Amino acid sequence: MDVKEFKKIDAHAHIGEFGGWAKLSINAEQLIAQMDEFNIEKTLLCSEPNEICLDAVEKYPDRFVGMVYPNPYDGQKAVDMIYDYVQNKGFKGIKANPLKHAYVADAELMDPIMEAAKDLNIPVFMHCGHPPYSLPWSIALLAERHPDVKLVMIHMGHGHGVYIDATLKMAKRYPNLYLEMSGMPMPSKIREAYEEVGADRIMFGTDAPYHPAAVEAMKVMTSGLTEEQIKDVFYNNCAKLMGFDKK
């Protein structure tokens with residue numbers, strides 16, 4: 001099987017300039033070139049400031065799906081921004097990053113964000129895998145408090161074996177928890193998630209520009225899943241979560 005033959009949806013990517021420790025940058029055209037190379041039909045895109053993402057979505061509406069990126073410390077301003085971007089600008093979900101904005105994932109300040117997601121019937125994608133803010137147990141407590149919101153644990157624990165294990169355990173416990181596998185280094189855990197968490201609750205992502213698409217895609221290919229199961233991870237599961245399969 002050739003990895004590029006599989007149609008894909010990238011469940012998590014960024015555009016912009018990422019200085020500091022990362023020293024990375026990617027623009028919309030560069031990301032589309034990567035998408036074309038790896039047969040990625042659509043990408044769920046987030047950026048801060050949100051205007052960068054909005055410009056890309058407006059320029060390439062068939063390729064990018066906007067995910068609004070609020071800072072919950074902004075309170076009602078953040079909630080208002082979510083409604084504006086979803087209802088008036090066509091964005092389809094929320095990106096939350098406790099690590100970047102320095103709040104524990106289950107902090108009460110996330111409740112208005114989650115309530116807006118419930119009201120708008122959109123998923124929340126949350127960075128998972130770095131202490132002290134974005135640990136699986138804290139994300140699970142947030143999911144428990146908001147059972148009607150679909151909450152995706154981006155990176156499913158990232159590079160730490162204990163966090164990866166905890167992410168799987170928490171997702172088994174709470175049916176509104178979903179998994180995205182970019183940055184998580186163990187292909188076998190993709191198969192474990194598919195078989196034990198749920199066949200429709202694990203999805204492919206690149207976290208562009210932080211990780212090479214080739215590496216992320218090959219993790220799915222070497223996970224031990226069958227060809228049909230690989231199609232679920234690469235495409236079907238994200239399409240189902242986002243409602244693309246209903247169009």
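Not measured: the values here are computed from a predicted model. Scope of the values below: all heavy atoms of this structure, side chains included, with no hydrogens, waters or symmetry mates.
Side-chain atoms of Met184 and Ile190, non-hydrogen and from C-beta on, do get closer than 4.5 Å to each other. Considering only heavy atoms from C-beta on, Asn27 stays 4.5 Å or farther from Ile15 through its side chain. For the pair Met110/Tyr103, a side-chain contact is recorded, criterion being any heavy-atom separation below 4.5 Å from C-beta on. Looking at heavy atoms from C-beta onward, Val233 lies out of side-chain contact with Lys219 at the 4.5 angstrom threshold. Contact of the Asp80 side chain with the Lys77 side chain is not registered, since no non-hydrogen atoms from C-beta on lie closer than 4.5 Å. A heavy-atom distance below 4.5 Å is not found between the side chains of Ser25 and Pro209. Looking only at side-chain heavy atoms (C-beta outward), His14 and Lys95 come within less than 4.5 Å of each other. Side-chain contact between Phe234 and Met221 is present, with at least one heavy-atom pair separated by less than 4.5 Å.
Open room surrounds CD on Glu108; 12 or fewer heavy atoms of other groups in view lie less than 6.0 Å from it. Within a 6.0 Å sphere centred on CG of Asn121, heavy atoms belonging to other residues, nucleotides or ligands number 12 at most. Crowding of Arg173 atom CZ: a count of heavy atoms from other residues, nucleotides or ligands under 6.0 Å not exceeding 12. The environment of NZ in Lys172 is crowded: more than 12 heavy-atom neighbours from other residues, nucleotides or ligands sit within 6.0 Å. The environment of Phe18 atom CZ is dense: over 12 non-hydrogen atoms of other residues, nucleotides or ligands sit within 6.0 angstrom.
Using modelled atom types, one side-chain atom of Arg201 and one backbone atom of Leu177 make a donor-acceptor pair closer than 3.5 Å. Between the side chain of Glu17 and the backbone N or O of Gly19, no donor-acceptor pair lies under 3.5 Å. Judged by distance alone, the side chain of Lys8 and the main-chain N or O of Val3 form a donor-acceptor pair under 3.5 Å. Looking only at distances, no side-chain donor or acceptor of Arg63 sits under 3.5 Å from a matching main-chain atom of Met35. A donor-acceptor distance shorter than 3.5 angstrom exists from the side chain of Asn176 to the backbone of Ala143, with no hydrogens or angles considered.
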What do the steps show when you test His12 against Glu216 for side-chain hydrogen bond (donor to acceptor under 3.5 Å, both in side chains), and what is the final call?
CA-CA 12 Å; His12 179 58; Glu216 298 301 334; over 6 Å; no
Stepwise side chain to side chain contact (heavy atoms under 4.5 Å, CB included) test for Leu241 and Val152
CA-CA 10 Å; Leu241 175 68; Val152 182; 3.7 Å; yes
Start with the C-alpha distance between Ile202 and Gln229, add both sets of side-chain angles, then the distance that settles side chain to side chain contact (heavy atoms under 4.5 Å, CB included), and finish with yes or no.
CA-CA 10 Å; Ile202 170 70; Gln229 292 169 338; over 6 Å; no
Would Leu142 and Val124 count as a side chain to side chain contact (heavy atoms under 4.5 Å, CB included) if you check the C-alpha gap in whole Å, the side-chain angles of each, and the deciding distance to 0.1 Å?
CA-CA 11 Å; Leu142 184 66; Val124 175; over 6 Å; no
Please step through side chain to side chain contact (heavy atoms under 4.5 Å, CB included) for the pair Val197 and Leu168, ending with a clear verdict.
CA-CA 7 Å; Val197 173; Leu168 291 166; 3.9 Å; yes
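The nearest pair of heavy atoms linking Asp106 to Ser138 is CB-O, 3.2 Å. Considering every non-hydrogen atom in both Ala102 and Tyr73, the closest pair reads O-OH, 2.7 Å. Of all the heavy atoms in His127 and Ile139, the pair that sits closest is O-CD1, 3.6 Å. Minimum interatomic distance between Pro112 and Leu109 (heavy atoms only, all atoms of both residues): CD-O, 3.4 Å. The two residues Asp111 and His146 come nearest to each other via the heavy atoms OD1-NE2, 2.7 Å. Between Ala78 and Asn71, the shortest heavy-atom contact is CB-O, 3.5 Å.
Summarising the geometry, atom NZ belonging to Lys42 is positioned 6.0 Å from atom CZ belonging to Phe244; distances are rounded to the nearest 0.5 Å. Here NZ of Lys189 is found 8.0 Å from CD of Glu196. Values are rounded to the nearest 0.5 Å. The distance from atom CZ of Phe6 to atom CZ of Phe204, rounded to the nearest 0.5 Å, is 12.0 Å. Atom CZ of Phe91 is separated from atom CZ of Phe64 by 11.5 Å, given to the nearest 0.5 angstrom. Here CD1 of Ile154 is found 6.5 Å from SG of Cys46. Values are rounded to the nearest 0.5 Å. The structure places CG of Asn97 at 7.0 Å from OG of Ser134, a figure rounded to the nearest 0.5 Å.
For the pairing with Tyr235, the side-chain contact (heavy atoms from CB on, under 4.5 Å) check across Ile230, Ile40, Asn39, Ile9 returns one residue only, Ile9. Checked options Met156, Lys150, Met153; the residue passing with Tyr178 is Lys150 (criterion: side-chain contact (heavy atoms from CB on, under 4.5 Å)).
Hydrophobic clustering, with ILVMFWY side chains joined whenever heavy atoms are under 4.5 angstrom apart, groups Ile164 together with Met218. Residues Tyr174 and Tyr163 share a single hydrophobic cluster, defined by chaining ILVMFWY side chains whose heavy atoms lie under 4.5 Å apart. No chain of hydrophobic side-chain contacts below 4.5 Å, direct or via other Ile, Leu, Val, Met, Phe, Trp or Tyr residues, connects Met203 to Tyr210. The cluster map of Ile, Leu, Val, Met, Phe, Trp and Tyr, joined by side-chain heavy atoms under 4.5 Å apart, puts Leu141 and Val162 in different clusters. Connection of Met186 to Val215 is not established within any shared hydrophobic cluster, with ILVMFWY side chains joined at heavy-atom distances below 4.5 Å, either directly or through further cluster members.
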Which side-chain N or O atoms in residues 113-120 pair as donor and acceptor under 3.5 Å with protein atoms at least two apart or in another chain?
unit_1 : atom_1 : unit_2 : atom_2 : d
Lys118 : NZ     : Asp148 : OD2    : 3.3
Asp119 : OD2    : Tyr83  : OH     : 2.7

Throw together a table of side-chain donor-acceptor distances under 3.5 angstrom for residues 50-59, partners on residues two or more places apart or in other chains.
unit_1 : atom_1 : unit_2 : atom_2 : d
Asn50  : OD1    : Tyr69  : N      : 2.7
Asn50  : ND2    : Tyr69  : O      : 3.1
Lys59  : NZ     : Glu29  : OE2    : 3.0

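Cation-pi check for Lys89 over Tyr85 is met; the charged atom lies under 6.0 angstrom from the ring centroid and within 45 degrees of its normal.
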